[in-house]
There are 4 protein chains.
Amino acid sequence: MFFASDNAGPAHPKVIEALSKANEGYAMGYGADAIMDRVRDKIRDVFEAPQAAVYLVATGTAANSILLATMAQPWQTIFCSPMAHIHEDECNAPEFYSGAKLTIVPAENAKMTPETLRASIEGEETRGVHGPQRGPVSITQVTEKGTVHSVNEIKALTGVASDYGLKCHLDGARFANALSFLGCTAAEMTWKAGIDAVSFGGTKNGLLGVEACVMFDPELAWEFELRRKRGGHLFSKHRYLSAQMDAYLADDLWLDMAGNANARCAQLTEGLRGIDHVTLSFEPEANMIFFQMPRAEHARVLAGGATYYVMDGDHTSGDPDRLLTGRLVTDWSMTEDVIESFLALMRG
Amino acid sequence: MFFASDNAGPAHPKVIEALSKANEGYAMGYGADAIMDRVRDKIRDVFEAPQAAVYLVATGTAANSILLATMAQPWQTIFCSPMAHIHEDECNAPEFYSGAKLTIVPAENAKMTPETLRASIEGEETRGVHGPQRGPVSITQVTEKGTVHSVNEIKALTGVASDYGLKCHLDGARFANALSFLGCTAAEMTWKAGIDAVSFGGTKNGLLGVEACVMFDPELAWEFELRRKRGGHLFSKHRYLSAQMDAYLADDLWLDMAGNANARCAQLTEGLRGIDHVTLSFEPEANMIFFQMPRAEHARVLAGGATYYVMDGDHTSGDPDRLLTGRLVTDWSMTEDVIESFLALMRG
Amino acid sequence: MFFASDNAGPAHPKVIEALSKANEGYAMGYGADAIMDRVRDKIRDVFEAPQAAVYLVATGTAANSILLATMAQPWQTIFCSPMAHIHEDECNAPEFYSGAKLTIVPAENAKMTPETLRASIEGEETRGVHGPQRGPVSITQVTEKGTVHSVNEIKALTGVASDYGLKCHLDGARFANALSFLGCTAAEMTWKAGIDAVSFGGTKNGLLGVEACVMFDPELAWEFELRRKRGGHLFSKHRYLSAQMDAYLADDLWLDMAGNANARCAQLTEGLRGIDHVTLSFEPEANMIFFQMPRAEHARVLAGGATYYVMDGDHTSGDPDRLLTGRLVTDWSMTEDVIESFLALMRG
Amino acid sequence: MFFASDNAGPAHPKVIEALSKANEGYAMGYGADAIMDRVRDKIRDVFEAPQAAVYLVATGTAANSILLATMAQPWQTIFCSPMAHIHEDECNAPEFYSGAKLTIVPAENAKMTPETLRASIEGEETRGVHGPQRGPVSITQVTEKGTVHSVNEIKALTGVASDYGLKCHLDGARFANALSFLGCTAAEMTWKAGIDAVSFGGTKNGLLGVEACVMFDPELAWEFELRRKRGGHLFSKHRYLSAQMDAYLADDLWLDMAGNANARCAQLTEGLRGIDHVTLSFEPEANMIFFQMPRAEHARVLAGGATYYVMDGDHTSGDPDRLLTGRLVTDWSMTEDVIESFLALMRG
């Protein structure tokens, strides 16, 4: 009963197997391996983007930061939501790589709205050379609160950006979970909706640690390569990144894994709705649930063997009725039985 | 017959096996996994440094750059040899992470000498606030030309640094190969010889991609952690880094692998000495050989199925007698037979 | 009738005279001039801080950015108000110099409150290594909206900072205007109230372009000097900065100039209160007034020969009754007559 | 008898007068002053470059660093001589602003040669993404050793740069002295010779502190403005920079001042040639002399009331016959009599 994070679960056995298979003989390093050629083609196929530049890095923070550095100038500001991973969870990495600052756009259900985005953009660049200049917009899909932008919601945001000539980045750490929820194509959720570059996550969905960076306009591909190397993110034994992504994309493994994580989350959501002392904070749409529950219940459940994060404070002492927010994340490897066991524990 | 680089060879099967074994159930992320606790202890044991701060990253450039950033201030200069990896092969990463610049110290056999280092240090900080201030010294062991500093040579360099109150970093991308050559302990080659921090390489010696950063003075450990995260180098599924290093250090696998690479290099060196049209550029002491040979011979050997780098230009056309430098690197997986086959090809 | 900014007015003739007087013969450069020795002593006297480190730079952005860079680490966040000059008007300079990011603390009357500051500090550093770490607090005095923190208000903010071990910076671009309003001493408004470092402005108050950086704890003085040089802000012919500041501090010229600017602002405020179509946005306490007035009135007054900024849009067309905000800034050189003429024009 | 530096002398009285005259009434800030319009036109005239972008900053380090930041990418290396001011005397400012590193090109008479430049360029970018990429070439005119590149020498260097598609920067801290020596036009010494951007110095030649940045291709003008602001180098009361440059260019004052400095240097050089115990290190061509003299002679002359730098160590004790290098710099304000007095003292 481990719901702390989708990066706490195991990698899919097929991924380990792929590593083992890739581990034969010699291979050129630094992305010149034969597997990477296949991966590049597959990702271009998935995105229906034959010209796209495709690169692999090992962490989501690297993917976001290097992509944003190619999209933003050091005197600009990047627009994102208050709970954006790039703002809250990357210890200034996007600023370090790009030199830009971030403008926090008010959000509803963890999503910027066209209105708040427009107002934030209007609020910048009103001071000539004195203030930061308008830079790219970064959208997280699945959001950090487990909600998913519809394709139309993405289009509405990129439409606002486009009114000001700004580019759009998609932080897709949980890209597969979003796609699985929406039932659309990768192209529809990205470039057809106005997205210029994507952090295409694999780590949270069954890989050991690989994210693809996809730039639909390959113009800055060489700059990306130099920034990746300058950041220390170019792997010499690159084949082991390639092999993971290769297995991920084979036979829709990535969508199957995300589908199961989402299904377990739906099962869990349904069960939680039937528990009186539980209130959902957001409508769970992918594989993540935020919920409120009295402190004493949290203490009981965690003592009972479940693992998850309590977001806002100490669950071990104080007023037993105080409401605290918990976060539950399901992953590809979770079974129906585990969900049922956890729900039984939650019910008390 | 693949001698292009020791990062082109496979990982050791035991390492893949360790990954597979680590891939069970849930594990806390970001370095809080149980395997990392064991790795930290093992590395402290290897270095006889119970207080050392120990962290893992996935690339050598990251290891060097983050360590140097904790050791150097943005207004300082880092002293290194003209062929230092941090100078020639990291696309400004050390400067990016630290803000410091590099001062190139003349070298013999790819090693700074106490005299050249002292002269270079004396040459800086003669201009008060105007010039860069003296920063740390970075020594590569094995050097980029395949030579190895004796313990006394390291002591002589760190002694000069110490005269000016400067700290010393060891770029140990091929740490195991050096240790295997010298036959001393890790402690003797590092902190007992005046080294403050080590990039302890694994990638070039049988891992998929892991380097340990070892700081003998743990005072800046928390700063290191923040810099690692800010650089995007903190792995969420950290157990897969830990597992590699765990297997590496188990039963002296790391020393066995380096020992074999060095033995194959020695075998190859001896063979090359017997070939008239070959001249060794440096005395090969670990697993890397630089040699000179007429252009036409290079063309013949490479056409014959061998793979290695020709460092200084086109081997396919022009004067057949022009001497060109080749680089041969052996790795842990190489057999005596492969060396003999290659030597046969070289002899022509 | 020029109210656009206090940096649009002339320098005091005594300052020009001091430049002329300083322009005799040779003087050591880079701050080693004899006038600087006197200035350093005077500023230490003004602040009753005999140990303080004192440096001069030519712009407020440089003063703020270099000071904050000595106070903040690249993985931290600096707390400031939404209208802080360092956030809105320095084109990412504080981020460039420090590497840190900014956390925007909600404000009332352009002042952070102890409650909003505490909540913002509490909101950071809840995520271990993942989020930015808490850094210094920067307070603007006079605020960007013309209000002035009382000494107790400053103490309340620095008290909150101190609860978390955070240092405090005062952006005193209009330091003299604040002091003149409060009638306290420079020491009372700064280190006795918990401030660690001050940007002590001169440019907006009758100098050509000089700001003093005052660090009450001189520990990082040498770092400041290196950061100043590295930013290109060390003047070779430093005597011309020294001479300006020397004249500024002689015979309380600085306080006289600020006193007149404030008095003219008070005169102007009183007059505006008597005009029906004018509403003051904030209580003007120093030398700056924000006011609301129908668009058509703005158009009329500006056409009538006055110069000031309309903050929120086009005053030349559209609904004549639309309320727009104007900003009026008085400076040391303004006469009572000019104020009266402007008020007459405003009345219509 | 003050020969320490040309930034130790006074500003020309006409410059102070211009400041005084500019100090009337109100003026728009940040470069929008009317004097700047005139200055921009004058500089375009001087350079016969009607399209050039022209900006003012207050220090040479700022001028060099901001210009180079517009010309170099963070993954590139800037080519310069071993004694380049940007390498030795700017405390990492060019690296700070640009993110690039510097490649030191061997020099003769403080000048890179076409051969050494070509070899250095050839030495970079041989390693694909691994090493720094080739960036701009920076030439200092007058060199840091007092020699002057002929127009043909500049052309030869820019020609090599052009072979690799690299841009060229001229650090003209002593631009006027070079022009006065060569007797050519500003255009001939710059864009007609292949220079793309110039730091056009005024501070060392009679101003208080102003350098013009001239970009012959105005494409990156707006980027320059943003980088200047982000560096804290945009002056609010900009008219005081404009006024200095305005006076500088009026009636060829700048050339007259440089002419006198050069003439005094020539007079001094001729006198020194007649002194047995003096050896000139370089052929003085502008306003700077490096010479060797026995230690005891230095001690005697300095004790006798002269001020200049001894570059290589203690002149107060040790072997009286040890040869030490001194540096003498003449400035616009120096008289023939002072030179004669100094020569008399030198002769002993």
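In the text below, chain A, chain B and the rest are named by the order of the sequence lines, each starting its count at 1.
Neither the backbone nor the side chain of D/L241 comes within less than 4.5 Å of any heavy atom of chain C. C/I66 does not touch chain D: none of its heavy atoms, backbone or side chain, sits under 4.5 Å away.
Comparing C/V57, C/V15, C/L234, C/I16 by heavy-atom pairs within less than 4.5 Å of chain D, the highest count is held by C/I16. The candidate from D/G9, D/A22, D/G209 with the greatest count of non-hydrogen atom pairs under 4.5 Å with chain C is D/G9. Chain C forms more heavy-atom pairs under 4.5 Å with one residue of D/P10, D/C91, D/P94 than with any other, namely D/P10. Ranked by heavy-atom pairs under 4.5 Å with chain D, the list C/A63, C/A62, C/G25, C/G60 is led by C/G25. No other option in D/A4, D/A27, D/G29 has as many heavy-atom pairs under 4.5 Å with chain C as D/A27.
The nearest pair of heavy atoms linking D/A11 to D/L208 is CB-CD1, 3.9 Å. Here the closest non-hydrogen pair linking C/A197 and C/M71 is CB-SD, 3.9 Å. D/A178 and D/V142 make their closest contact through N-CG2, 3.6 Å (heavy atoms, listed as atom of the first residue, atom of the second, distance).
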Using a plain distance cut of 3.5 Å, could you tabulate donor-acceptor pairs between chain C and chain D?
residue: C/N7; atom: ND2; partner: D/Y30; partner atom: OH; Å: 3.2
residue: C/A8; atom: O; partner: D/A27; partner atom: N; Å: 2.9
residue: C/A8; atom: O; partner: D/R239; partner atom: NH2; Å: 2.8
residue: C/G9; atom: O; partner: D/R239; partner atom: NH2; Å: 2.9
residue: C/A11; atom: N; partner: D/N23; partner atom: OD1; Å: 2.6
residue: C/A11; atom: N; partner: D/Y240; partner atom: OH; Å: 3.1
residue: C/A11; atom: O; partner: D/N23; partner atom: ND2; Å: 2.8
residue: C/N23; atom: OD1; partner: D/A11; partner atom: N; Å: 2.6
residue: C/N23; atom: ND2; partner: D/A11; partner atom: O; Å: 2.8
residue: C/Y26; atom: OH; partner: D/D331; partner atom: OD1; Å: 2.6
residue: C/Y26; atom: OH; partner: D/S333; partner atom: OG; Å: 3.3
residue: C/A27; atom: N; partner: D/A8; partner atom: O; Å: 2.9
residue: C/Y30; atom: OH; partner: D/N7; partner atom: ND2; Å: 3.2
residue: C/T59; atom: OG1; partner: D/G232; partner atom: O; Å: 2.7
residue: C/T61; atom: OG1; partner: D/K229; partner atom: NZ; Å: 3.3
residue: C/D89; atom: O; partner: D/K229; partner atom: NZ; Å: 3.1
residue: C/Y97; atom: OH; partner: D/Y97; partner atom: OH; Å: 3.0
residue: C/Y97; atom: OH; partner: D/G231; partner atom: O; Å: 2.8
residue: C/T203; atom: O; partner: D/K237; partner atom: NZ; Å: 2.7
residue: C/L207; atom: O; partner: D/K237; partner atom: NZ; Å: 2.7
residue: C/K229; atom: NZ; partner: D/T61; partner atom: OG1; Å: 3.3
residue: C/K229; atom: NZ; partner: D/D89; partner atom: O; Å: 3.1
residue: C/G231; atom: O; partner: D/Y97; partner atom: OH; Å: 2.7
residue: C/G231; atom: O; partner: D/H233; partner atom: NE2; Å: 2.7
residue: C/G232; atom: O; partner: D/T59; partner atom: OG1; Å: 2.7
residue: C/H233; atom: NE2; partner: D/G231; partner atom: O; Å: 2.7
residue: C/H233; atom: NE2; partner: D/H233; partner atom: NE2; Å: 3.2
residue: C/K237; atom: NZ; partner: D/T203; partner atom: O; Å: 2.7
residue: C/K237; atom: NZ; partner: D/L207; partner atom: O; Å: 2.7
residue: C/R239; atom: NH2; partner: D/A8; partner atom: O; Å: 2.8
residue: C/R239; atom: NH2; partner: D/G9; partner atom: O; Å: 2.9
residue: C/Y240; atom: OH; partner: D/A11; partner atom: N; Å: 3.0
residue: C/D331; atom: OD1; partner: D/Y26; partner atom: OH; Å: 2.6
residue: C/S333; atom: OG; partner: D/Y26; partner atom: OH; Å: 3.2

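Taking the side chain as every heavy atom from C-beta outward, D/M334 and D/L268 never approach each other to under 4.5 Å. Contact check for C/F175 versus C/L170: side-chain heavy atoms found under the 4.5 Å cut-off. Contact of the D/C213 side chain with the D/F224 side chain is registered, since non-hydrogen atoms from C-beta on lie closer than 4.5 Å. Side-chain contact between C/F3 and C/M288 is absent, with no heavy-atom pair separated by less than 4.5 Å.
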Going through the distances and angles, do C/M36 and C/V54 end up as a side chain to side chain contact (heavy atoms under 4.5 Å, CB included)? CA-CA 10 Å; C/M36 185 60 199; C/V54 178; 4.3 Å; yes
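Atom CG of residue D/L56 and atom CZ of residue D/F200 lie 10.5 Å apart, to the nearest 0.5 angstrom.
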